[in-house]
Amino acid sequence: MSNEPLVLLGNADKWLAESLESVLTQGGYRVMATTKRQQVLELARRYVPDGIVLDMGLDQRASDNLALCRALRADPAISRATPIILTTAGPALRAQQLEALRAGAWELRGDPLDMEELILRLGVYVQGKLEVDRLGTEGMIDRASGLYNDTGINRRSAELAAFTARQGLPLACVVFQPDNGDLSPGVADRLAQAVRRAGRISDAVGRTGPAEFTVFAPATDETGAEGLAQRITDAVSRSAAVKLRVGISTATALPKRPSRGSAATNLQPPPTSVTDLLERARRGLH
């Protein structure tokens with residue numbers, strides 16, 4: 001594979017876990033391994049793996065030995081496209097395989113474990129997951145939050161810049177980042193959802209980094225942008241308990257463009273550069 005997808009390996013058998021990790025690494029994967037049940041869900045949320053290989057033995061003390069698989073599949077931070085392959089000691093009986101499928105696993109592999117087939121099947125599944133990720137990236141919406149992604153915010157902000165230039169209106173750009181540095185993917189997703197709830201329908205609100213959020217607000221001058229920034233930071237602080245730092249830039253209102261056909265049309269300045277607005281706002285973060 002051109003890139004190294006990340007596989008989360010959860011197996012209570014240390015020897016088998018080391019063997020699987022070695023085979024996966026040779027197969028072109030990065031591997032994050034744990035022998036502890038309580039760490040599996042935490043690691044999956046934090047690092048968002050491209051595939052999960054999970055030993056049912058981790059749930060052997062539970063009355064439902066598929067509980068962990070169900071929890072992984074139900075967690076909103078983990079993509080539905082992420083393959084979960086279960087392994088079990090002894091042969092995988094048909095009834096067990098059906099229950100594994102109902103729990104959200106893509107398949108159940110029993111002993112003896114065919115390592116070569118496991119790697120080949122995992123490769124097919126992971127490539128499908130990566131393709132889903134690629135299509136999501138090339139779309140306009142961030143899957144986890146419903147905000148515009150980079151592609152979406154670039155397109156929408158350019159539309160707003162053209163509109164405000166035609167109408168002689170100001171345009172503001174406000175950038176938000178967490179004040180306390182990097183956040184885990186799960187916390188960043190919850191922050192993104194809080195920003196979305198606080199945004200206005202009239203504005204273009206985008207996720208321009210894992211924990212960076214950008215708002216392009218039409219008909220908003222510097223005073224209005226400061227009020228918008230305060231409203232969003234207050235709302236996010238209440239709902240997500242995250243303190244944000246803010247950067248603001250604005251483009252002043254230009255004279256309204258004359259109607260099409262006017263001799264002065266070609267003398268009007270071009271729409272505001274949204275790239276410049278964004279970079280100025282980033283430089284002003286405090």
_Taking Leu8 as the starting point, is it possible to reach Leu6 by hopping between hydrophobic residues whose side chains are less than 4.5 Å apart?_
yes
*With a 4.0 Å cut-off, would you call Arg207 and Glu212 a salt bridge?*
no
*asked:* Rounded at 0.5 Å granularity, tell me how far CZ in Arg156 sits from CZ in Phe216.
replied: 11.5 Å
*Mind checking the CG-OG spacing from Leu191 to Ser239? Nearest 0.5 Å is all I need.*
8.5 Å
*Okay, side chain of Ser22, backbone of Ser19: is any donor-acceptor separation there less than 3.5 Å?*
no
*Partner of Phe176 by side chain to side chain contact (heavy atoms under 4.5 Å, CB included), out of Val205, Val236, Val242, Val215*: Val215
*Crowded around Glu117 CD? As in, over 12 foreign heavy atoms under 6.0 Å?*
yes
*Arg109 and Ala92: which non-hydrogen atoms are nearest, and at how many Å?*
C-CB, 4.4 Å
*Will you find, in the side chains of Ser237 and Asp234, an N or O donor that is under 3.5 Å from an N or O acceptor?*
no
*Gap between atom CG of Asp189 and atom CZ of Arg45 - 0.5 Å precision*: 12.0 Å
*Answer whether the closest heavy-atom distance between the side chains of Glu107 and Tyr125 falls below 4.5 Å.*
yes
*Return yes when atom CZ of Arg30 has more than 12 non-hydrogen atoms of other residues, nucleotides or ligands closer than 6.0 Å, and no otherwise.*
yes
_Working for side-chain contact (heavy atoms from CB on, under 4.5 Å), residues Ile85 and Ile52_ = CA-CA 6 Å; Ile85 296 180; Ile52 300 172; over 6 Å; no
*How far does CZ of Arg73 sit from OG of Ser79, to the nearest 0.5 angstrom?*
8.0 Å
*Are Trp106 and Leu24 linked, directly or through other ILVMFWY residues, by side chains that come within less than 4.5 angstrom of each other?*
yes
*asked:* Minimum heavy-atom separation for Pro185 and Val48, please, with both atom names.
replied: CB-CG2, 3.7 Å
*Atom CD of Gln39 and atom CG of Leu58: how far apart are they, to the nearest 0.5 Å?*
10.5 Å
*If we only count heavy atoms from C-beta on, is the Leu122 to Val7 side-chain gap below 4.5 Å?*
yes
*Just do the side-chain contact (heavy atoms from CB on, under 4.5 Å) check on Val175 and Leu285 with the steps written out, would you?*
CA-CA 7 Å; Val175 174; Leu285 282 162; 4.1 Å; yes
*asked:* Starting from Leu68, can I reach Tyr47 by hopping between I/L/V/M/F/W/Y residues whose side chains sit under 4.5 Å apart?
replied: yes
*Taking atom CD of Glu222 as the centre, report whether more than 12 heavy atoms of other residues, nucleotides or ligands fall under 6.0 Å from it.*
no
*More than 12 foreign heavy atoms under 6.0 Å from CZ of Arg245: is that the case here?*
yes
*If we only count heavy atoms from C-beta on, is the Val246 to Val174 side-chain gap below 4.5 Å?*
yes
_Using side-chain contact (heavy atoms from CB on, under 4.5 Å), reason through Thr82 and Val126 one step at a time and then give a plain yes or no._
CA-CA 7 Å; Thr82 302; Val126 167; over 6 Å; no
*What pair of heavy atoms forms the shortest contact from Gln193 to Ala144, and how long is it?*
NE2-O, 3.1 Å
*Identify the heavy atoms of Leu66 and Glu99 that sit nearest to each other, and give their distance.*
CD1-O, 3.5 Å
*Note, Thr214 side chain near Cys173 side chain (heavy atom, < 4.5 Å)*: yes
*To the nearest 0.5 Å, tell me how far His286 NE2 sits from Gln177 CD.*
12.5 Å
*asked:* What I'd like to find out is whether the side chain of Asp55 reaches to under 4.5 Å of the side chain of Leu16, using heavy atoms alone.
replied: no
*asked:* Are Val40 and Thr34 packed together at the side-chain level, in the sense that at least one heavy-atom pair is separated by less than 4.5 angstrom?
replied: yes
*Salt bridge or not for Glu279 and Arg283, using N-O below 4.0 Å?*
no
*Close side-chain approach of Leu228 and Ile248, heavy atoms under 4.5 Å*: no
*Is Asp133 salt-bridged to Lys129, cutoff N-O under 4.0 Å?*
yes
*Is there a donor-acceptor contact under 3.5 Å from the side chain of Arg231 to the main chain of Ala198?*
yes
*Is it possible for you to say whether Leu169 and Leu171 belong to one hydrophobic cluster, with membership spreading through side-chain heavy-atom contacts below 4.5 Å?*
no
*Minimum-distance pair of heavy atoms, taken over all atoms of Ala211 and Pro178*: O-CD, 2.9 Å
_side chain to side chain contact (heavy atoms under 4.5 Å, CB included) partner of Thr87, the single match among Asn11, Leu9, Leu54_ = Asn11
*Passes side-chain contact (heavy atoms from CB on, under 4.5 Å), Lys243 versus Asn180? Steps please.*
CA-CA 7 Å; Lys243 184 179 179 181; Asn180 59 347; over 6 Å; no
*Closest non-hydrogen atom pair between Pro218 and Thr164, with its separation*: CB-CG2, 3.8 Å
*Would you check if Phe213 and Leu147 make a side-chain contact, meaning some heavy-atom pair closer than 4.5 Å?*
yes
*Among the clusters formed by ILVMFWY side chains lying less than 4.5 Å apart, do Leu41 and Val187 turn up in the same one?*
no
*Between the main-chain N or O of Gly90 and the side-chain N or O of Asp111, is there a donor-acceptor pair closer than 3.5 Å?*
yes
*Could you tell me whether the side chain of Asn154 and the main chain of Asp150 form a donor-acceptor pair under 3.5 Å?*
yes
